[in-house]
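Remember, predicted model here, so these are calculated numbers, not experimental data.
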2 protein chains.
Amino acid sequence: MPSTPHGNAAKSRSRQRARKAGSPQQAPMRTLDLLGALTTFARNGVIFSEGQPAECVYKIESGCVRTYAMPQTGERQLVAFHVPGDCFALEGGDVHMMSAEATTDSTIRVIKRKALMARKNDAGMMRHLLDLTGAELRRTQRHNMLLLKGAQERVIGFILEIKERGHSDGEIALDMTRRDIADYLGLTIETVSRTLSRLEAESAISLPTPWRIVLHDPAALNLQ
Amino acid sequence: MPSTPHGNAAKSRSRQRARKAGSPQQAPMRTLDLLGALTTFARNGVIFSEGQPAECVYKIESGCVRTYAMPQTGERQLVAFHVPGDCFALEGGDVHMMSAEATTDSTIRVIKRKALMARKNDAGMMRHLLDLTGAELRRTQRHNMLLLKGAQERVIGFILEIKERGHSDGEIALDMTRRDIADYLGLTIETVSRTLSRLEAESAISLPTPWRIVLHDPAALNLQ
DNA sequence: CGTCACATTGAACCTCTTCAAGCGCCGTGG
DNA sequence: CCACGGCGCTTGAAGAGGTTCAATGTGACG
């Protein structure tokens, strides 16, 4: 019984990830890994909340995280998904601009900023953080561009993003719900669902289950 | 005759900025300032282009810069505006993901990456770059959130962003055209124009000229 | 087997886009 | 000097794409 976003929330609290478990595709041993404490979060578990003082940075070992803002008036705005290997909360500032939650049971390395700042004269560490922040900036810029397009292109762009970042080959496993995807793409869940169905009808993809996507013609998707 | 985006392009090539000239609101003397060469760009002048090797980073002294992507198929996607004090092209990577052009005559400090990398063991410099990149990341995340909203909120968000970043008080001077704004907000120029007109009809703002905005009730704008 | 959460599908509506026309400013050239 | 043309902005009317509202479907768990 794999841990999907579709299981019962209360029950999932104690589950372990069966699929893609372990330590996927990350570099041999990076500087950050020596500093942080491994912590586990259940599905929908809160990692930090908007407005709280920003005291840590985070690196994902396994699972998936969403970061989002929740305006007093308005819809939830999902800013990013983070997958194993990614760092988040790198943007600095005294308080968090966004909240972060696990979309599935996740293992996350939590690193105190104080510990980083204690090494602010360590040029290697600073440079490492710079690289990570640059990568995060590039991702955010890409997402920005995606949001300037139409619904079908957004959904396709999302699929391709997940495919690349998850290093999936052919089949993609979704660690998030339609609502998460919709809030990330600035669409409604209905539009996401309809668009996926249309792509399946056009034989570009198939959806064996709602949270698995098989790409039939990746080239065709790229051309949209 | 101030340098606005509305002058004749050929003629503006030789103009100097009258409004807001000099060195606005930047820290006493930052590390980067010692390394770069000051360069001037005319309105619509190309700073770098998508696909070129990324060899420099840039800091704006005066003027305004747009960064954008231009998909083979599709519209121009404006990712950011940069104003005096901002740095851009911090995202790293071997080649530029985007192009950059001046929206008005601008003075820009151009810093070779080689010069920065020569100081990669200078923790202070690395930390400075980290701070700048973090600030850029925060701006991009904010813009992301803006793109998840409706047209009126996007336009209001844009006005407030320009107001804050330009340190304007009451009156805002726009250094970009409606087309630039539209491509930045993922709207059409018609929608931008209509929305501004409606805000003026509702007495939230007034538009003495198309490139000057006077805020009448900033609080009212915030509540949207 | 009933319930709950999530996903899918349909139909009416609304916002934003598209297409088209007109205005105002500025610089140029007759 | 004034008429012309280019450029950017504004405004109107028709149309498309996405949202909203509502109903149905489906798998997981108790």
Between [X] and [Y], is there a side-chain N and carboxylate O pair less than 4.0 Å apart?
X: A:Glu55; Y: A:Lys112; value: no
X: B:Glu190; Y: B:Arg194; value: no
X: A:Asp183; Y: A:Arg66; value: no

Would A:Thr107 and A:Thr40 count as having a side-chain donor-acceptor pair, cut-off 3.5 Å?
no
Side-chain N or O of [X] versus OP1/OP2 of [N]: is the shortest distance under 4.0 Å?
X: B:Ser193; N: D:dT11; answer: no
X: B:Thr188; N: C:dC16; answer: no
X: A:Thr177; N: C:dC6; answer: no

Minimum-distance nucleotide (side-chain atoms of [X] versus [options]):
X: A:Ser197; options: C:dT9, D:dG18, D:dT10; result: C:dT9
X: B:Glu190; options: C:dC16, D:dG18, C:dT18; result: C:dT18
X: B:Ala151; options: C:dC16, D:dC9, D:dG18; result: C:dC16
X: B:Pro210; options: D:dT19, D:dC9, C:dC6; result: D:dC9

Is the A:Phe48-A:Tyr58 ring centre distance short of 6.0 angstrom?
yes
With sugar-phosphate meaning primed atoms plus P, OP1 and OP2, does A:Thr191 contact a base, only sugar-phosphate, or nothing at under 4.0 Å between heavy atoms?
base
NA contact type, B:Leu196, heavy-atom cut-off 4.0 Å: base, sugar-phosphate, or nothing?
nothing
Between A:Val192 and B:Arg194, which residue's closest nucleotide on DNA chain C lies nearer the 5′ terminus?
A:Val192
Find the distance [X]:[atom1] to [N]:[atom2] and express it as a whole number of Å.
X: A:Trp211; N: C:dA5; atom1: CH2; atom2: P; answer: 16 Å
X: B:Met176; N: D:dG8; atom1: CE; atom2: C1'; answer: 15 Å
X: B:Leu199; N: D:dT10; atom1: CG; atom2: C1'; answer: 15 Å
X: A:Leu187; N: C:dT15; atom1: CG; atom2: P; answer: 18 Å
X: B:Lys149; N: D:dG18; atom1: NZ; atom2: P; answer: 21 Å
X: A:Ile181; N: C:dC6; atom1: CD1; atom2: P; answer: 13 Å
X: B:Arg178; N: C:dG24; atom1: CZ; atom2: P; answer: 16 Å
X: B:Ile189; N: C:dT18; atom1: CD1; atom2: P; answer: 11 Å

